[in-house]
A.B. asks: 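Sending over a structure as structure tokens; questions will come in a sec.
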Amino acid sequence: MNWKNLPGSNLVDVAFSYAPAKIILGGEHAVVYGQPALALAIDRGVRVAVSKAADVNGPILRAINLGFVGEVRPDPDGQGPVVLREALARLAKILGREARNLHFAVDSDVPVGCGLGSSAALSVALVRGIHRFWGLDLVQEQEAGLALDLEKIFHGNPSGIDHTVISSGGLIYYRKTGEVAAVQSVVPAHKLKFAVGISGPHGGTARAVSLLKERSRRHPDIYVGIFSSIGEIVAQMKRSIEEGRLAALGELMDLNQGFLNSLGVSTPKLEALCSIARERGALGAKLTGAGCGGAVIALVEDDPEEVVRAFQAAGYVAFSTQCEVGR
Ligand code: MEV
């Protein structure tokens, strides 16, 4: 579908869209080196209302809650976070003149810059909202492709797992070989429930990925070995999820965390969150996403609230979440 080929008869005054946040269950970072990873959409996300602005110097984004509150325009010297201004400029470039009077009101309950996919959720919700506003149909691959274009502004050269799972929803097993991504939907035998603890914002995914690349160049054979061990962990995670072996899945999450720590993307706070979770009976715990700050996910058998309260008692923002699919 060509974004510039707009069927005017289908225009609506306001269109609403939503895209969920995500967690990576296993395989982050290794996925950038061709290993598989598992990711799932969670029950938090980004909401966008698209309407027509009187102003033609847009697109304009009004953040109701996006880590900040205020108006952003594609203006290099304007207000608001620079990545958002660049993303709007990119949208304007892709969409052409028709984008100049688009107005986005954005609300989110996803902590920003914490490895939970807030930027990918924003990218997907914007793409979805614009298409609804213009009355255009989009198949999922097209939506994911356009969202990836925006995501590159936020993340440099991402593996693509974030916007893929956010666009598809559910739980996916993802592997990218060269430019080709293989995506398999995974159906858990039991609903997966997590406590999420936030250590604070990380320094950016692109930065974490590039620091790791630099380190891996110094000891390539060792890093290749670690990435392939993580790949094996992820393959076993997939089997335990499908067979409903939650204790095994928790153990594999702990193993994955050990490797993430040795890759240098864990922090004392992330390790502390993992320890709190395990002491409170979580089946396993690990950082999720880029690390170097951000969030820890702890898998629990029944009620995540005890671990959530323990995270909060230690001074961390925390909440419970679950995979949208599974019984
Ligand atoms: C970020 O959510 C996951 C990373 O593996 C980067 C990527 O896959 O693009 C760290």
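As the structure lists them, so they are numbered: ligands from 1, and atoms in each ligand from 1. Computation of the quantities below employed the complete heavy-atom set of this structure, encompassing side-chain atoms and omitting hydrogens, waters and symmetry-equivalent molecules.
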A.B. asks: Looking at Gly160, is its backbone amide N or carbonyl O close enough to the side chain of His163 to form a donor-acceptor pair, meaning the two atoms are under 3.5 Å apart?
C.D. replies: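 Pair found, side chain donor or acceptor close to backbone of Gly160.
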A.B. asks: Is the shortest distance from a Lys or Arg side-chain nitrogen in Asp162 or Lys22 to a carboxylate oxygen in the other one below 4.0 Å?
C.D. replies: yes
A.B. asks: Just to confirm my output: which protein heavy-atom neighbour is closest to atom 7 (C) of ligand 1, and how far is it?
C.D. replies: Ser159 OG, 3.4 Å
A.B. asks: Give the atoms of ligand 1, by number and element, whose distance to some non-hydrogen atom of Pro158 is under 4.0 Å.
C.D. replies: 9 (O)
A.B. asks: Checking the N or O distance criterion of under 3.5 Å, is ligand 1 in contact with Lys22?
C.D. replies: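 N/O-N/O distance below 3.5 Å exists for this pair.
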A.B. asks: Under 4.0 Å between a Lys/Arg side-chain N and an Asp/Glu carboxylate O for Lys238 and Glu242?
C.D. replies: yes
A.B. asks: Would you say that more than 12 heavy atoms from the other residues, nucleotides or ligands in this model lie under 6.0 Å from the CZ of Arg245, or not?
C.D. replies: yes
A.B. asks: Tell me, do Leu84 and Leu122 make a side-chain contact under 4.5 Å, heavy atoms counted?
C.D. replies: yes
A.B. asks: Give the numbers and elements of all ligand 1 atoms closer than 4.0 Å to a heavy atom of Val31.
C.D. replies: 5 (O), 8 (O)
A.B. asks: Between the main-chain N or O of Val110 and the side-chain N or O of Arg44, is there a donor-acceptor pair closer than 3.5 Å?
C.D. replies: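 No, the answer is negative, given that no donor and acceptor are paired below the 3.5 Å cut-off.
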A.B. asks: Please list, in number order, the atoms of ligand 1 under 4.0 Å from a heavy atom of Asp162.
C.D. replies: 1 (C), 2 (O)
A.B. asks: Does Glu28 reach ligand 1 with a nitrogen or oxygen that is under 3.5 Å from one of the ligand's nitrogen or oxygen atoms?
C.D. replies: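 So ligand 1 has no N or O lying under 3.5 Å from an N or O of Glu28.
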A.B. asks: Under a heavy-atom criterion of less than 4.0 Å, does His155 contact ligand 1?
C.D. replies: no
A.B. asks: Report the nearest protein non-hydrogen atom to atom 4 (C) of ligand 1: residue, atom name, distance rounded to 0.1 Å.
C.D. replies: His29 N, 4.0 Å
A.B. asks: So is Ala290 close enough to ligand 1, meaning a heavy atom under 4.0 angstrom away?
C.D. replies: yes
A.B. asks: Which of the numbered atoms in ligand 1 are below 4.0 angstrom from a heavy atom of Ile161?
C.D. replies: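 Close to Ile161: 8 (O).
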A.B. asks: Has Arg100 got a side-chain atom pairing as donor or acceptor with Pro59's backbone, closer than 3.5 angstrom?
C.D. replies: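 Side chain of Arg100 to backbone of Pro59, a donor-acceptor pair under 3.5 Å: no, none is there.
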A.B. asks: Students should be able to answer this: which protein heavy-atom is nearest to atom 3 (C) of ligand 1, and at what distance?
C.D. replies: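 For atom 3 (C) of ligand 1, the nearest protein heavy atom comes out as Ile24 CD1, 3.7 Å.
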A.B. asks: Distance alone, cut at 3.5 Å: any donor-acceptor contact between the side chains of Ser168 and Gln140?
C.D. replies: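 There is no such pair between these side chains.
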